[in-house]
Amino acid sequence: MAEVITVLSGKGGVGKSTFCANIGKALSKNKKVLLIDGDISFRSLDILLGLDREVVFDWSDVIFNRCTKEKALLSVSGNLCLLASPLSEPNSFGSADFLKLVSEYKDMYDFIFIDAPAGFNSATRIYAKAADEIIVIATPDSISLRAAYMVGENLLKEGAAENQIRLVLNKADFRHMKNGVQKNLDDAVDKTYLRLLGVIPADKLLAVAGDADSNLISGRTTEAFLRISERILGKDVKLYI
Ligand SMILES: Nc1ncnc2c1ncn2[C@@H]1O[C@H](COP(=O)(O)OP(=O)(O)OP(=O)(O)O)[C@@H](O)[C@H]1O
Ligand SMILES: [Mg+2]
């Protein structure tokens with residue numbers, strides 16, 4: 001039975017979709033993983049995974065019985081699949097429809113990641129409701145960190161438990177951490193009041209590696225994703241890189 005993990009952020013462009021694509025690749029070395037693109041109208045996982053020319057159906061087609069749940073799946077690799085997002089808001093798509101959709105895939109995968117749009121709106125509320133665990137992504141700047149804090153507060157108000165929510169700090173630029181890496185990262189985490197799941201370095205190559213070749217990413221970045229994947233699997237791995 002799949003563990004469902006929803007990936008949220010307060011600010012846009014902090015790396016949610018990049019995180020989903022790369023954590024999906026890391027976990028799918030040993031586990032079966034489904035990525036659901038939840039960014040209606042602005043989907044990007046199909047492009048990041050090099051599948052944009054292959055999208056015929058999306059998850060709204062499954063909800064409205066226009067295709068089978070199997071037919072909507074796009075294969076990224078043996079253990080990794082994608083369910084593309086609709087390009088426009090489906091009519092009368094409600095919480096129950098989406099929860100039913102996710103539950104239909106649960107017995108086929110070990111992990112299901114839902115890539116949400118930025119902010120906290122009706123769609124992200126539904127995705128949070130579908131989740132066993134929620135990962136909030138933030139970059140280590142004050143605006144993004146405060147937005148992550150606000151997402152955490154909203155999740156708690158909506159009934160999420162504190163231990164369901166974890167933080168990933170992305171685009172950490174260690175060269176500019178003048179007060180020491182550990183202190184800077186600790187201060188950043190403190191501002192969100194969330195538990196840290198991991199830190200991913202700023203890596204210019206991530207921007208071009210998505211639809212090209214994940215081998216382009218530096219060893220340090222690949223390692224960061226692998227360490228986070230091990231923590232998701234419940235292993236005790238040192239937090240900072
Ligand atoms: N660790 C990183 N280092 C450098 N660039 C990164 C990193 N992670 C993501 N990026 C880049 O940041 C940009 C935004 O990433 P991405 O689309 O994954 O963010 P997002 O949070 O999904 O955005 P949106 O809120 O629009 O859905 C992309 O150009 C991506 O390549
Ligand atoms: Mg995105």
Side-chain angles (χ1 to χ4, degrees), residues 5-26 35-52 55 58-59 76 82-87 89 113-128 131 134-141 143-148 150-152 154 166-177 181 184-185 188 192 194 196-229 240-241:
I5 302 180
T6 293
V7 179
L8 301 174
S9 74
K11 291 292 288 179
V14 293
K16 295 176 295 301
S17 303
T18 304
F19 174 81
C20 287
N22 285 283
I23 206 68
K25 286 179 191 169
L35 305 176
I36 301 181
D37 196 330
D39 202 350
I40 299 166
S41 307
F42 299 103
R43 70 184 185 205
S44 58
L45 281 176
D46 56 326
I47 297 179
L48 279 173
L49 296 163
L51 293 170
D52 46 317
V55 181
D58 59 63
W59 51 255
V76 182
L82 170 68
L83 205 48
S85 164
L87 281 173
E89 186 83 37
F113 285 85
I114 303 172
D115 180 20
F120 206 76
N121 56 31
S122 55
T124 44
R125 274 192 188 88
I126 293 173
Y127 303 154
I134 294 157
I135 295 177
V136 179
I137 312 271
T139 49
D141 58 88
I143 295 169
S144 172
L145 293 167
R146 185 165 64 190
M150 291 308 299
V151 169
N154 277 302
R166 289 198 277 182
L167 172 75
V168 167
L169 283 180
N170 188 29
K171 307 193 195 184
D173 191 344
F174 300 100
R175 290 168 308 168
H176 296 123
M177 295 188 176
V181 171
N184 271 273
L185 292 177
T192 68
L194 299 173
L196 184 65
L197 174 64
V199 180
I200 301 164
D203 183 346
K204 277 190 225 135
L205 291 174
L206 266 182
V208 289
D211 48 355
D213 180 359
S214 50
N215 295 328
L216 282 172
I217 304 172
S218 78
R220 194 181 202 185
T221 307
T222 308
E223 235 172 72
F225 283 112
L226 283 174
R227 295 158 74 83
I228 292 173
S229 73
Y240 293 139
I241 38 179

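Read the numbers this way: they start at 1 and go in the same order the structure lists the ligands and their atoms.
Polar contact with ligand 1: present for Asp203 (N/O pair, distance under 3.5 Å). At least one N or O atom of Val14 sits closer than 3.5 Å to an N or O atom of ligand 1. Where the criterion is an N or O separation shorter than 3.5 Å, residue side chain and backbone included, Asn170 meets it with respect to ligand 1. In terms of polar-atom proximity, Lys16 is counted as a contact of ligand 1, with an N or O under 3.5 Å from an N or O of the ligand. Taking any N or O of Ser44, backbone or side chain, none lies under 3.5 Å from an N or O belonging to ligand 1. For Ala202, no nitrogen or oxygen atom sits less than 3.5 Å from a nitrogen or oxygen atom of ligand 1, counting backbone and side chain alike. The shortest N or O to N or O distance between Gly13 and ligand 1 is under 3.5 Å. Below 3.5 Å of separation, one finds no N or O of Gly12 facing any N or O of ligand 1. Among the atoms of Ser9, none of the N or O lies under 3.5 angstrom from an N or O of ligand 1.
For the side chain to side chain contact (heavy atoms under 4.5 Å, CB included) with Ile137, the lone residue among Val7, Leu169, Leu197 that qualifies is Val7. Results of the side chain to side chain donor-acceptor pair (under 3.5 Å) test with Ser17 over Asp115, Asp37, Asp39, Asn22 single out Asp115 as the only residue that passes.
Residue-ligand proximity: Cys20 is placed with every non-hydrogen atom at 4.0 Å or more from ligand 1.
Short contacts between ligand 1 and Ala118, defined as distances under 4.0 Å to a heavy atom of the residue, involve ligand atoms 25 (O). Heavy-atom proximity to Pro201, at under 4.0 Å, picks out these atoms of ligand 1: 1 (N), 2 (C), 3 (N). Within ligand 1, the atoms closer than 4.0 Å to a non-hydrogen atom of Asp39 are 27 (O), numbered from 1 in the order shown.
When the shell of 6.0 Å around CZ of Arg125 is examined, it contains more than 12 heavy atoms from other residues, nucleotides or ligands. Around CG of Leu87, the count of heavy atoms belonging to other residues, nucleotides or ligands within 6.0 Å exceeds 12.
With 2.8 Å as the limit, Ser44 does not count as an N, O or S neighbour of the Mg ion (ligand 2).
Between Phe19 and Phe225, the two ring planes are tilted [angle within 30° to 60°].
Distance CG/Leu167 to CG/Leu196: 5.5 Å, rounded to 0.5 Å. To the nearest 0.5 Å, the span separating CD on Glu89 from OG on Ser122 amounts to 6.5 Å. For the atom pair OG1 of Thr221 and CG of Asp203, the computed distance is 3.5 Å after rounding to the nearest 0.5 Å. Atoms CE and OG1, from Met150 and Thr192 in turn, are 13.0 Å apart once rounded to the nearest 0.5 Å.
Residue contacts with ligand 1, taken as heavy atom pairs separated by less than 4.0 Å, do not involve Asp115 at all.
For atom 30 (C) of ligand 1, the nearest non-hydrogen atom from the set Asp173, Val7, Thr18 belongs to Thr18.
Between Arg166 and Ile134, every side-chain heavy-atom pair lies at or beyond the 4.5 Å cut-off.
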